[in-house]
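One structure is given here, and the rest of the page talks about it.
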Amino acid sequence: MRMSRYFLPILKENPADAQIVSHRLMLRAGMIKQVASGIYSWLPMGFKVLRKLENIVHEEQARAGHIAILMPTLQSADLWRESGRYDGYGEEMLRMKDRHGRDMLFSPTAEEMVTDIFRSHVSSYKDLPLTLYQIQWKFRDEIRPRFGVMRGREFYMKDGYNFDLTKEDALHAYNRHLVSYLRTYERMGLQAIPMRADSGPIGGDYTHEFLVLADTGESEVFYDAAVTDIRMGERDIDFSDKAQCQGVLEEFTSLYARTDETHDEALFAEVPKDRQRSARGIEVGQIFYFGTTYSDPLGAKVMDETGKPVPVHMGSHGIGVSRLLGAIIEASHDDNGIIWPEGVTPFGVGIVNLKQGDEEADTACEALYKSATALGLDPIYDDRNERAGGKFATMDLIGIPWRITVGPRGLKNGVVELTSRKTGVSEEMTPELALEALAKTYASL
RNA sequence: CGGGCUAUAGCGCAGUCUGGUAGCGCGUUCGUCUGGGGGACGAGAGGUCGCAGGUUCGAACCCUGCUAGCCCGACCA
């Protein structure tokens, strides 16, 4: 992408309404525009990152054997009356009537709808296990939205639902989700710690929240410092292997890690003193097992081996995809702007032409841009007639992890400069070597 | 919903107390110079002062009502 042809409305000054760094940087980097309280338009670069996150979620869900569907945002109230939640959900649910006066709502979650799909089409234990998920816009009419996309009213969320014959199978689905979520967050360059959580209005016996540690987090968390050393890394996972998935769960959840909702001072005291930590965290996902809470009232049953209808065991599992943008920026930025992890960056490399109009520099940049594009590096080329300082500031603000700087001075010696956004370290090398190094870096993700 | 605050050019703000031709910085357009960390100079464009009503010869400014947004709290992916 040539910056001169892109739509990137960056701001030099801080918007007055943005209180926290991720919100401020998303506005300054021209990623979002507020439409109403807690509701945002996604401008090209914000939308691009959102799509990247979404793709990672889809890939990891597919790997775990989960199947994507798409359900409507506007739903009839009927199903919600059947489950008993229409009256129970309260003011957070945005309600409306259609032209015939029928009660409608903007879906805040989709247990009812997915259970209805299930009961309409599945009737045998032979069709289990089944996990259906979607990535779709949700709406919760929060009393007080804040922090930009971190706490919007409209938000983009992956919500998945497992259907299993037995509690044991459903708990395997729970573990499978935990493993796939850990992989998902790591690919996004995030450390999200599974913490025992409160099951809240959805109910259920088993639930973990995934928290990214950040000073601006909404939840207070308590944990054993040793949990932050655990990584999924490169290990091979067989998602159908119950023992392996259970093993990962135990590995990641046996150390103390809880949010304030479930914090237990007595248990926390057993953690070695020098490893006791309290901090703040941003919740970026949650998994639940809730058994037959919805299958019972909605009549979602299958025939078991004996021909007897039994309600299915279910769980639901969410990742706040739009919120993740905020979480990633909270976890990865400096005074100059965003620092995108390579797995989610909107562009792989920024090319800065220091002297637009200089024949040699222009030619070198064009060639670099062409090669980088051919290598799949998805470059953004700052070809505007700006001064060097402005171009550097822009690249830093929008957080591209690598920058290739091209100027007449270096070109005299046949070199360009490759700079890491994260470390600020620069190295001079030929354009070919710079591209080779970047291709290698991105191939290893 | 309770408490606090704001609304003036695309963004950030002054002007309101004390009514009298709507300003500044950034951005933006054109030109010249400049060219390795948001450069300089010159010339422009751009505003129903959130909305409605009232007071007044005259309202961004005073009065009343409304709307929207922000912060703290209860609530939440």
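Residue numbering restarts at 1 for every chain, and letters A, B, ... go by the order of the sequence lines.
One P atom belongs to B:G15, the other to B:C24, and the distance between them is 15 Å to the nearest Å. Using P as the reference atom, B:A40 and B:G25 are 12 Å apart when rounded to the nearest Å. Across the P atoms, B:G23 and B:G39 are found 26 Å apart, a figure rounded to whole Å. B:G38 and B:U28 are spaced 16 Å apart, taking the P atom of each and rounding to whole Å. Using atom C1' as the reference point in both B:C63 and B:C17, the two lie 15 Å apart (nearest Å). Taking atom C1' on both B:C72 and B:U29, the two are 44 Å apart, rounded to the nearest angstrom. Rounded to the nearest Å, the gap between the P atom of B:A60 and that of B:G19 is 13 Å. Nucleotides B:C33 and B:A52 have their P atoms positioned 50 Å apart, rounded to a whole Å.
With A:Y89 contributing its side chain and A:L94 its backbone, the two residues share no donor-acceptor pair below 3.5 Å.
Between A:D260 and A:V221, every side-chain heavy-atom pair lies at or beyond the 4.5 Å cut-off.
Pair check for B:G73 finds B:C1; Watson-Crick or G-U wobble, both atom distances under 3.5 Å. Nucleotide B:G65 is matched to B:C51 when pairs are restricted to Watson-Crick or G-U wobble geometry with both distances under 3.5 angstrom. Remark: B:G35 base-pairs with no nucleotide; criterion is Watson-Crick or G-U wobble with both hydrogen-bond distances under 3.5 Å. With a 3.5 Å ceiling on both atom-pair distances, B:A59 lacks any Watson-Crick or G-U wobble partner. Here B:A43 sits opposite B:U29 as a Watson-Crick or G-U wobble pair (both hydrogen-bonding atom distances under 3.5 Å).
Atom CD of A:E427 is surrounded by 12 or fewer heavy atoms from other residues, nucleotides or ligands within 6.0 Å.
Looking at heavy-atom distances under 4.0 Å, A:E92 makes contact with sugar-phosphate atoms alone, never a base. Across all strands shown, A:G407 has heavy atoms under 4.0 Å from base atoms, whether or not it also approaches the sugar-phosphate. A:S322 comes within 4.0 angstrom of no nucleic acid atom, judged by non-hydrogen atoms across all strands. A:E218 comes within contact range of at least one nucleobase, with a heavy-atom separation under 4.0 Å. Among the heavy atoms of the strands, none lies under 4.0 Å from A:G30. The residue A:R403 sits close to a base: some heavy atom pair falls under 4.0 Å.
Between A:H208 and A:Y174, the ring planes lie tilted relative to each other; the angle falls in the 30° to 60° range.
Under 4.0 angstrom from either OP1 or OP2 of B:C76 there lies no side-chain N or O belonging to A:Q286. For A:R146, a side-chain nitrogen or oxygen approaches OP1 or OP2 of B:G73 to under 4.0 Å. For A:S37, a side-chain nitrogen or oxygen approaches OP1 or OP2 of B:C70 to under 4.0 Å.
Across B:G36, B:G38, B:G37, the shortest atom-to-atom separation from the side chain of A:I10 is found for B:G38.
A donor N or O paired with an acceptor N or O is not found under 3.5 Å between the base of B:C76 and the side-chain atoms of A:R140.
A donor-acceptor contact under 3.5 angstrom links the side chains of A:R176 and A:T131, judged on distance only.
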Report all interatomic pairs (protein N or O, nucleotide N or O of nucleotides 32-35 of chain B) with separations under 3.5 Å.
residue, atom, partner, partner atom, Å
B:U34, O2, A:R387, NH1, 2.6
B:G35, N2, A:N385, OD1, 3.3
B:G35, N2, A:E386, O, 3.3

Is there any protein nitrogen or oxygen under 3.5 Å from a nitrogen or oxygen in nucleotides 1-12 of chain B, and what are the pairs?
residue, atom, partner, partner atom, Å
B:G12, OP1, A:A16, N, 3.2

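For A:H317 and A:H66, the ring centers sit 6.0 Å or farther from each other.
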